[in-house]
Amino acid sequence: MDRDRPRPARLLAGPPDPDLPQRRRRPGRLDGRHDPRHPDPRRPRQQRDDPAARRRDPHRHPRGCRPDGPRRRDRDLDRGPRHAHEQGGSTRMTVRVRMAPSPTGSPHVGLVRTALFNWAFARHHGGTFVFRIEDTDRERSTDESLSSIIDLMRWLGLDWDEGPEVGGPHGPYRQSERGELYADALTRLEGSGRVYRCYCTNDEVDARFKVRKAAYDEAKKAAATGGEKPEAPVMGYDGFCRDLTSEQIAAFTAEGRASVPRLRMPDGSITWDDLVRGEVTFETKHVPDFALARTNGDPLYTLVNPVDDALMEITHVLRGEDLLSSTPRQIALYEALKEVGIAKVTPQFGHLPYVMGEGNKKLSKRDPEAHALAYRDQGYLPEGLLNYLALLGWAIAADRDIFTLDEMVEAFEIGDVVANPARFDLKKCDAINAAHMRRLSIEEITHRALPFLKADGVVADPVNDADAQLLELAMPLIAERISKFTEAGALLAFLFVDEDAFEVDPEDAEKQLGEAGKPVLQASYDALSALSSWSTDAIQTALQAALVDGLGLKPRNAFGPVRVAITGKRISPPLFESMELLGRERSLGRLQRALG
RNA sequence: GCCCCCAUCGUCUAGCGGCCCAGGACACCGCCCUUUCACGGCGGGUACGCCGGUUCGAAUCCGGUUGGGGGUGCCA
């Protein structure tokens, strides 16, 4: 089972184009590529001329040096002279990235984060963002899931240049519709000698592994008494069918055995320069030859994903860390695909860190925070969710974490993405979202809150003019009090509810409307009913005089009962403004009612 | 088992050899503002996992170790 086919000792998945972004290089760790003789003309002069600064930072613009603007846009795109490129082309390739979700179940926030980083990367470099659907698993893929992913992307505003609903030159964009492409790829691959048929059953593979394991255990025992340390057996397929003779093949076929195509992994090691992790190397002896299709001929992810990336001319693959260990297989397959004319280049890979949940495990579909559409339904702002998700692995600046999508696009560098997994923190997500809420204009926030208020039955659907007007006046009172739209209804309902349906929270009533509250309410009623003008100021002045000055109450005790009587709750928008909006009749009526 | 990845406050992060006895944000605790809740302001506690090495100097570079995560399919 030795792998004697001559192969280059080391496959390097080189950058498809040296003009394209590279991982941020750390001096001393990886070789820099910048030529200091060619300073970047866009860099601030002081820095350009300061040799110390240059030494400190050969290619990277230090953060915080430009208080007057965003970080330099194309730091990596114009990094001076290039070394020769393996493809020999000097044409600048446009960035093409993709998101390739499997439409199974409800979309996950991890998917959103991956989509966001791909999207931001594409937009930052003026590239193309492709949306492809990996529905090769017919059992699990559903149209419902697909349409929820599309809804999600639309809601988020992450637009795609090619893919479902928009089409494009590399379609179709559903793998289930690309069968002949894969069949063709497979035929070519099998003709190349890089792929062979394997006739083993799973049981046979397992049985052989057990034998190897037993031999290993023996050898280990022997080594304990001073022998040579054995090499541990690799789990999985052992390359049994690599070099079958035609007689053997004929025999297997005569037996009626089915077969699968497997890629022959090259000897040596495979190294790539990961966009977020730097150099990663796998010895191929730890990467078994892998199947490209099922015995029934259905292509597998292992084939379909690189083939589509190749056909769609994807230049940069930014995906979850879980795919890290399948990258050497894909790079090997790319070599074969290049040989048979399907791939032009091997894309660059960047593996994004996980989004973790409670404890120390990957955020799973069981976690309620994992469901991306739930954020829409709970009244989060897409810009808020996206801002929060961007923070999981990326930072726009040392002292800043609220930003818009445009600002992210401007500043986003894949090399700035950190490699360590991030825990999803709903509280911070809420806080970031609330910050975006406060940035909205009253018109905007009103407009966007409306569907939620309708759903909660606070206003009618369609909303009538009077309610619409009232809403616009009331919105400023709650805009800074909510972190998501589903909180708006509870705060506003008292203004819109019919008097006979108005209810006071029983617990709050007990605390504020008891015997101690009665005189307060009575004094309030008296003072307010004498009022000639019904304005916030007049109300405040009158109540202040009657309760604080008149009854000698602390403001806290004075206004508490009134608040509960008027709004039904201890927590409400500002009281005097609320009363003004509620109007004289209704306000006095509610005080009366609270008095019993 | 083997392979790979990761490691700074509770959490997300800044940090790219001296600007750091470590900065910001969320959370937490005080105080101020205040008609509740918020918003806003001020202040506080809390982190470089460990051991070696390189260096005049290490959170930063290197090695090891420990801990965590992932992979190891005819799933994606």
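Each chain gets a letter, A, B and so on, in the order the sequences are listed, and its residues count up from 1.
The side chain of A:A419 sits closest to B:rC6 out of B:rC6, B:rG69, B:rA14. Nearest nucleotide to the A:R277 side chain, out of B:rC12, B:rC5, B:rU36: B:rC5.
Taking the ring centre of A:F117 as origin, the terminal cationic atom of A:R113 falls inside the region bounded by 6.0 Å and 45° from the ring axis.
Atom-to-atom, CG of A:L352 to P of B:rC4 comes out at 21 Å; the value is rounded to the nearest Å.
Residue contacts for A:L391: at a heavy-atom cut-off of 4.0 Å it reaches the sugar-phosphate backbone alone, with no base atom in range. In this structure, A:R262 reaches the sugar-phosphate backbone alone: every heavy-atom distance under 4.0 Å involves primed, P, OP1 or OP2 atoms, never a base. Across all strands shown, A:V280 has heavy atoms under 4.0 Å from sugar-phosphate atoms exclusively, and none from any base. Across all strands shown, A:S572 has heavy atoms under 4.0 Å from base atoms, whether or not it also approaches the sugar-phosphate.
A distance of about 11 Å separates the C1' atoms of B:rU13 and B:rC9, rounded to the whole Å. For B:rC28 and B:rG67, the C1' atoms lie 27 Å apart once the distance is rounded to whole Å. A distance of about 11 Å separates the C1' atoms of B:rA58 and B:rC48, rounded to the whole Å.
Considering only residues two or more places apart in sequence or on other chains, A:Q330 meets the side chain to side chain contact (heavy atoms under 4.5 Å, CB included) condition with A:Y301, A:N305, A:P306, A:R319, A:S326, A:F349.
Taking the six-membered ring for Trp and the full ring otherwise, A:Y199 and A:F240 have centroids separated by 6.0 Å or more.
Nucleotide B:rC61 forms a pair with B:rG53, judged by Watson-Crick or G-U wobble geometry with both contacts under 3.5 Å. B:rG43 and B:rC29 make up a base pair, with Watson-Crick or G-U wobble contacts both under 3.5 Å.
Nearer the 5' end of RNA chain B, as judged by each residue's closest nucleotide, is the contact made by A:L324, out of A:R563 and A:L324.
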